[in-house]
Amino acid sequence: MAIRTRFAPSPTGFLHIGGARTALFSWAYAKKHGGKFILRIEDTDVERSTPEAVQAILDGMAWLGLDYDEGPFYQMQRIETYKKVLQTMIDAGSAYYCYSSKEELEVLREQQTLQGLKPRYDGKWRPDASKTLPPIPKDIPPVIRFKNPLTGVVVWDDLVKGRIEIANTELDDLIIARADGTPTYNFCVVVDDFEMGITQVIRGDDHVNNTPRQINMLKALGATIPQYAHLSMILGDDGQKLSKRHGAVSVMQYHEDGYLKEAVLNYLARLGWSHGDAEIFNMQQFCEWFDLDHITPSAAQFNTEKLNWLNAHYIKQVDLDLLAEDISARLGATNIETNGHAASGMPNLIPSLKSVLNLYRERANNLNQLAKDIAFFYQLPVANAADVEKHITADIKPAMTSLCEKLAKIEWTAEAIHAEINALVTSLQIKFPKIAMPLRVMLTGTAQSPSIDQVMALLGKEEALARINTYLNKNLK
RNA sequence: GUCCCCAUCGUCUAGAGGCCUAGGACACCUCCCUUUCACGGAGGCGACCGGGGUUCGAAUCCCCGUGGGGACGCCA
């Protein structure tokens, strides 16, 4: 049978890391088996669903490249279908009207909780051959409840957690349509999974408790029961549960925070799933390897350090044109131009972004940091005061002046620059850093950079000498 | 409270009864490289929650604890 999986978020917020991983696993499973991946928006909670949230989810999936074969289907556009099924179930006696008011149910729940019982519907309106139903109140619009079996157990072989067994006595008759006639979550899921021919339901394990109810309804509808795979949750970096109040962020936030989607995908893939010792792999490999057997049933803690490590890897690997495009956008966001125009106060030629990235990508693990680190090529840096004080001292002025004179005459390559500095430190019998460090601070504004000769080569002769002279013209301490 | 789930280095994990003196990765530490900071390379530290079984043999199977989590909505 053809594999059909689905991702079914409710649009009440952005696509967070847990949702993204669920989508990724569902997507990969379909890809692996040559099946279809379906996107379904579960928006039956009209109060909390928003179009912005729908868009945020779509954006998140688009960024990660999680393309779907069918959908997005919106449940609110399928109301007529649900109503038909609802009527069928009432006619068949597998669902019934319930006139218990919200207030009444609340009192019931309170009493049960007080008695240490599991809060549940008492079956007041459940039709039964052996009992007569109370008279129907005029002023209460009824909800529809599913007539859950009273005995027996629901069993399924969870693809990640193994066999799970829940007694029907633990379940009550859940509401499948509200008083206003709109169907509820558990019911819509059942109808949709059935009608959309879903073969594997891969979702968060907060749904484990819904599964027996859904299976019972599926059975009542005469549907084939799909296989279920319940993924455990992802904890925050601090081991705490992720929530709106605590630590949960949109996947798009990772983009803003300087992460490559390749790193996020690879990281997410390894969170709760493994393929032997494989740590670094692309999505094509992932789709080939992916299986449900190697998913850990226990919760996983998010680890930013490891994400950073993967990010560093992919910054080195990613296509240079794409990297330049990304960094250019990040620089542009801070009004730094990189394409041929000189920034204000910096009259000389500027190096190509790609050549700069070629030198700098090796040492970066974050795109924002990378953009920040290379900004000095495109605008005058504001030097770190402590570095200036430490490295640019009056005693280096003669050496620096003489170096500038030499540099002015040479062909501007890293090798030639290096040779000049070397000749200078040799003749003066000083250590290389004695010259390299002040140069670094003068040129880049900081005491950290790649080989200073390579930085200078990229900066260009005029600009490099100009920056050095700015300091030589000052009174140095 | 009731039901369900989970439990290997700090973290992500390998592990399907003997291949385990428990492997890999991130982080951390040391050394090397070096022109600073990184990158990179080589090492190191570091775990089977506890107790009972089953078995010739248990990280692995079973039971009981303990700890953590989830669910108990006219939310999804």
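Quick caveat: nothing in here was measured; it's all calculated off a predicted structure. These numbers come from the heavy atoms of this one structure, side chains and all, not from hydrogens, waters or symmetry mates. Numbered from 1 within each chain, the chains take letters A, B, ... in sequence-line order.
Residue-level contact check: A/Ile175 touches the bases, meaning some heavy atom is under 4.0 Å from a base atom. When heavy atoms are screened at a 4.0 angstrom cut-off, A/Asn210 is found touching base atoms of the nucleic acid. A/His294 comes within contact range of the sugar-phosphate backbone alone, with a heavy-atom separation under 4.0 Å but no base atom that close. In this structure, A/Thr169 reaches neither bases nor backbone, as no heavy-atom distance under 4.0 Å exists between it and the strands shown. Within 4.0 Å (heavy atoms only), A/Lys316 reaches sugar-phosphate atoms of the nucleic acid but no base atom. Residue-level contact check: A/Gly239 touches neither bases nor backbone, having no heavy atom under 4.0 Å from any strand. Note on A/Thr296: only backbone sugar-phosphate atoms sit closer than 4.0 angstrom, heavy atoms only; bases stay farther off. In this structure, A/Arg120 reaches neither bases nor backbone, as no heavy-atom distance under 4.0 Å exists between it and the strands shown.
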Using a cutoff of under 3.5 Å, can you pull out all pairs of nitrogen or oxygen atoms linking the protein to nucleotides 1-5 of chain B, with atom names and distances?
from, atom 1, to, atom 2, distance (Å)
B/G1, O2', A/Gly116, O, 2.3
B/C3, O4', A/Glu170, OE1, 3.2
B/C5, O2', A/Lys161, NZ, 2.9

Extract from the structure each pairing of a protein N or O with an N or O of nucleotides 42-49 of chain B at less than 3.5 Å, listing the distance.
none

Review item, nucleotides 63-65 of chain B N/O atoms under 3.5 Å of protein N/O:
none

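For A/Tyr314, the side chain to side chain donor-acceptor pair (under 3.5 Å) partners two or more places apart in sequence, or in a different chain, are A/Asn266. For A/Lys161, the salt bridge (charged side-chain N to carboxylate O under 4.0 Å, His left out) criterion is met by A/Asp205, not counting sequence neighbours. Listed by chain and residue number, nothing satisfies the salt bridge (charged side-chain N to carboxylate O under 4.0 Å, His left out) test with A/Arg120 (two or more places apart in sequence, or in another chain). Residues satisfying the salt bridge (charged side-chain N to carboxylate O under 4.0 Å, His left out) test with A/Glu42, not counting sequence neighbours, are A/Arg40. Contacts of A/Glu104 classified as salt bridge (charged side-chain N to carboxylate O under 4.0 Å, His left out), with partners at least two apart in sequence or in another chain: A/Lys124.
Look at B/G1: its Watson-Crick or wobble partner, with both distances under 3.5 angstrom, is B/C72. A 3.5 Å limit on both hydrogen-bonding distances identifies no Watson-Crick or G-U partner for B/A22. Remark: B/A16 base-pairs with no nucleotide; criterion is Watson-Crick or G-U wobble with both hydrogen-bond distances under 3.5 Å. When Watson-Crick and G-U wobble pairs are counted only if both distances are under 3.5 Å, B/G43 pairs with B/C29. Checking B/G50 for Watson-Crick or G-U wobble geometry (two distances, each under 3.5 Å) identifies B/C64 as its partner. Checking B/C9 for Watson-Crick or G-U wobble geometry (two distances, each under 3.5 Å) identifies no partner in any strand.
Summarising the geometry of A/Thr12 relative to A/Ser49, their closest heavy-atom pair is CG2-N, 4.2 Å, with the distance given to 0.1 Å. The shortest heavy-atom contact between A/Ala383 and A/Tyr471 is CB-OH, 3.3 Å.
Salt-bridge check for A/Glu170 with A/Lys118: passed, with a basic side-chain N closer than 4.0 Å to an acidic carboxylate O.
Nucleotide B/A76 holds its C1' atom 14 Å from the CE atom of A/Met76, rounded to whole Å. At whole-Å resolution of the value, CG in A/Asp173 and P in B/G73 are 13 Å apart. The distance from atom CG of A/Asn308 to atom C1' of B/U11 is 13 Å, rounded to the nearest whole Å.
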With a cut-off of 3.5 Å and sequence neighbours excluded, list every side-chain donor-acceptor pair involving residues 301-308 of chain A.
from, atom 1, to, atom 2, distance (Å)
A/Gln301, NE2, A/Asp237, O, 3.0
A/Asn303, OD1, A/Lys306, N, 3.3
A/Thr304, OG1, A/Asp237, OD2, 2.3
A/Lys306, NZ, A/Glu279, OE1, 3.0
A/Asn308, OD1, A/Tyr259, OH, 2.5
A/Asn308, ND2, A/Thr304, O, 3.4

Just list the side-chain donor-acceptor pairs under 3.5 Å for residues 424-434 of chain A, sequence neighbours left out, or say none.
from, atom 1, to, atom 2, distance (Å)
A/Thr426, OG1, A/Asn422, O, 2.6
A/Ser427, OG, A/Ala423, O, 3.4
A/Ser427, OG, A/Leu424, O, 3.0
A/Lys434, NZ, A/Asp395, OD2, 3.3

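Residue pairs meeting the side-chain hydrogen bond (donor to acceptor under 3.5 Å, both in side chains) criterion with at least one partner in residues 145-156 of chain A, sequence neighbours excluded, are A/Asn148-A/Asn168, A/Asn148-A/Asn216, A/Trp156-A/Asp158.
With rounding to the nearest 0.5 angstrom, the CZ atom of A/Phe146 is 15.0 Å from the SG atom of A/Cys98. With values rounded to the nearest 0.5 angstrom, A/Leu231 atom CG is found 5.0 Å from A/Ile295 atom CD1. Note that OH of A/Tyr254 is 4.5 Å distant from CD1 of A/Ile17, once rounded to the nearest 0.5 Å.
Looking at heavy atoms from C-beta onward, A/Val54 lies out of side-chain contact with A/Asp43 at the 4.5 angstrom threshold.
The aromatic rings of A/His275 and A/Trp273 lie parallel to each other, their planes meeting at an angle below 30°, with 60° marking the opposite boundary.
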Going 5' to 3' along nucleotides 24-36 of chain B, which nucleotides have protein heavy atoms under 4.0 Å from the base (write B), which only from the sugar-phosphate (write S), and which from neither (write -)? BBSS-------BB

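Both A/Leu105 and A/Gln240 lie near RNA chain B, and the one whose nearest nucleotide falls closer to the 5' end is A/Gln240. In this structure, A/Ala364 and A/Ala177 both approach RNA chain B, and ranking their closest nucleotides by distance from the 5' end singles out A/Ala364.
Contact check, A/Arg109 against B/C72: no side-chain N or O comes under 4.0 Å of OP1 or OP2. A sub-4.0 Å separation between OP1 or OP2 of B/A76 and a side-chain N or O of A/Thr12 is absent.
Side-chain proximity of A/Lys102 to B/G15, B/A76, B/C74: nearest is B/C74. Here the nucleotide nearest the side chain of A/Ser298, chosen from B/A7, B/U13, B/A76, is B/A7.
Annotated as syn: B/C39, whose glycosidic dihedral is within 90° of 0.
For the C1' atom pair drawn from B/U8 and B/A59, the interatomic distance equals 7 Å after rounding to whole Å. Distance noted for atom P between B/G17 and B/C31: 44 Å (whole Å).
Checked by distance alone, A/Asp206 brings no side-chain donor or acceptor within 3.5 Å of a matching partner on the base of B/A76.
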